[in-house]
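The structure appears right after this line, and notes come after that.
We're numbering straight along the sequence, starting at 1. Every number for a ligand or one of its atoms is a count from 1 in the order of the listing.
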Amino acid sequence: MRVFASLSLVAVALASFTAQSQTPAAPKLAPQAQLATPQVSPKAQVVSQTPPMGWNSWNYFAERVDDKGIRAAADQLVATGMKDAGYVYINIDDTWEGERDANGVLHTNAKFPDMKALADYVHSKDLKIGIYSSPGSKTCAGYAGSLGHEEQDAHMYAEWGFDYLKYDLCSFIPDVMEKQAPHDRAAQMRLMQAAYAKMDKALKATGRPIVYSLCQYGWDAVWEWGPSEGANLWRTTGDITPEWDRIYAIVSQQEGLEEYAGPGHWNDPDMLEVGNGKLTLAENRAHFSLWAMLAAPLLAGNDLPNMKPEIKAILTNRDVIAIDQDQLGRQGARIYSDGEVEVWTRQLSGGALAIAVVNAGDTRYSTHPFHLNLRKLGLTGTQAGKDLWTGKTVELTDNEPLELAGHDVLLVRVDAPKITTSTNEVSVNK
Ligand code: GAL
C-alpha cells in the first residue's frame, strides 16, 4: 500500500477518465433496456450468481491481519448473525506472504503459521475463505507477488482450500508493463489483460471453484473484458476510504457501468467502510444502501469483535441485503438529480422496484425544497412500498416534499410499482 500509494492516485484519475470517456453516455432509457450480453464462463455463473458477500481484512486491519484475527472474524461472522444474513467469505488481504524457497514455493510469514489449518477452521464454520496476491513480483504492500509462479500459487491456494482470490495489479505496472512497453499505453493494457487471463487459466486448471476478483482500479474499461477473462468481479475505482466525500466520489464514477453487471460478473466499487473511521450513522446507511443499489459485492471491512450494535443493525438489514442480492442481478442507476439530491432506481425480480433518494448535501437544507418526481422514474400515481430503514409502510406520491438529513438516504422497496404507459417516459419495467 505504502509502496504504491501514488499508483492509487493515478488509478483514481484513470478510472474516472475511462469511466467518462470510454463508456456510453448515461442512458435516458431504463438501464435494463440495453443490457450487454457479455461472454461469461460457466464457472463464473456457479460461484457468484449474486454479488459475493463476506468480510475482508484490509479496510480496518491492513498490515495487522494475522491468523488469530482471521479466526476471530470467522467466529464473529457467525456470532453476530452476519453469516445468517448472507455473509460467507472471510478474505485475507495483503501481508500474509513470506519468502519463496528454492523450489519457488511461497511460504507464509510468521503471522500465518498454518494456512491449511486456518482454511479448515473457517470451513468448519460453514464459511468460505479468500486470499490475495498480485500478478507482479510484489504486492501493493511490498510482499511477494505471483509473477512467474502463477500456476504454482494457484495450485497451492486450491490445496490449502481457498475459495476466492483477489488479484491486485501493484508492481506488475513497473515490473512488466512499463519495462516491456515503455510509453505504449495500449501495449501495456494488453500485457495487463494477459496477466489476468493467465491467472484465470491457472485457477481453472485447479478444478476448484474459486471466485476471481480483479483489482486493477478500473483501468482499460475492465468491465468490457473482465467477464470473458473469468472475472467474477472487478474493481471500478481506486481505493475507498472511510470518508463520505470519497464514498460519494466512487458512487459518481459508477454511472454508465450498470449494463456490465449481472449474475456471475459484478462491478466492484470497493469493499465496505461501514463502521469504519468517523462515518456518521446516516453516512453508513447511505453507503450500504448505495452499494445495494449498485449490486455491489458486500465485503464488510470493519472490526467485527468490537462492532457497535447500530453498525451490526446496518450490516444485517435483511431488506437492504435482499436488494443487493436480488436474483435478477440488475445494477441500479441514478435516474435524476435535483440540486444535491439524487434519485436512484433498481429493477428487482418479480417486477419490484427499489427507489433510493440520497441527500448528498451536508445538511437537511439541501432538501429544501426537494419534491420527488415520480414521472421521471417512469411511475404514475401513488406508490405503496416499505421504507427499508424504518421498516414502515410508506406511500410515495408525485411531487411529495421529502426532507432528509445531510448524507442520509430514503430507501424504499415498491413491490408493485405503477408504471407510466407513455412512450416518452422513462420506463422501469420494459
Ligand atoms: C490496494 C488495494 C486495497 C488493498 C491494498 C493492499 O491496491 O486496492 O484494496 O488490497 O492494495 O496492499
Practice task
Measure the spacing between CD of Gln188 and CZ of Arg190 and express it to the nearest 0.5 Å.
Solution key: 10.5 Å
Fill in the blank from the handout: ligand 1 atoms nearer than 4.0 angstrom to some heavy atom of Asp93 are 4 (C), 6 (C), 10 (O)
Handout entry: Salt bridge Asp200-Lys204, side-chain N to carboxylate O under 4.0 Å
Key = yes
Practice task
With heavy atoms of Lys166 as the reference, note each atom of ligand 1 found under 4.0 Å away.
Solution key: 3 (C), 4 (C), 9 (O), 10 (O)
Show me, pair by pair, the donor-acceptor contacts under 3.5 angstrom made by side chains of residues 293-306, not counting sequence neighbours?
residue, atom, partner, partner atom, Å
Asp303, OD2, Asn306, ND2, 2.9

Completion exercise
So for Cys215 against ligand 1, with non-hydrogen atoms under 4.0 Å, the contacting part is side chain
Exercise for the section: From the options Leu169, Asp94, Asp270, select the one whose nearest heavy atom is closest to atom 6 (C) of ligand 1. Expected result: Asp94
Handout entry: Per atom 2 (C) of ligand 1, closest listed option by heavy atom (Asp168, Ile240, Leu299)
Key = Asp168
Practice task
Please say whether more than 12 non-hydrogen atoms of neighbouring residues, nucleotides or ligands are located less than 6.0 Å from CD in Glu310.
Solution key: yes
Exercise for the section: For the residue pair Asn232 and His265, confirm or rule out a side-chain donor-acceptor distance under 3.5 Å. Expected result: no
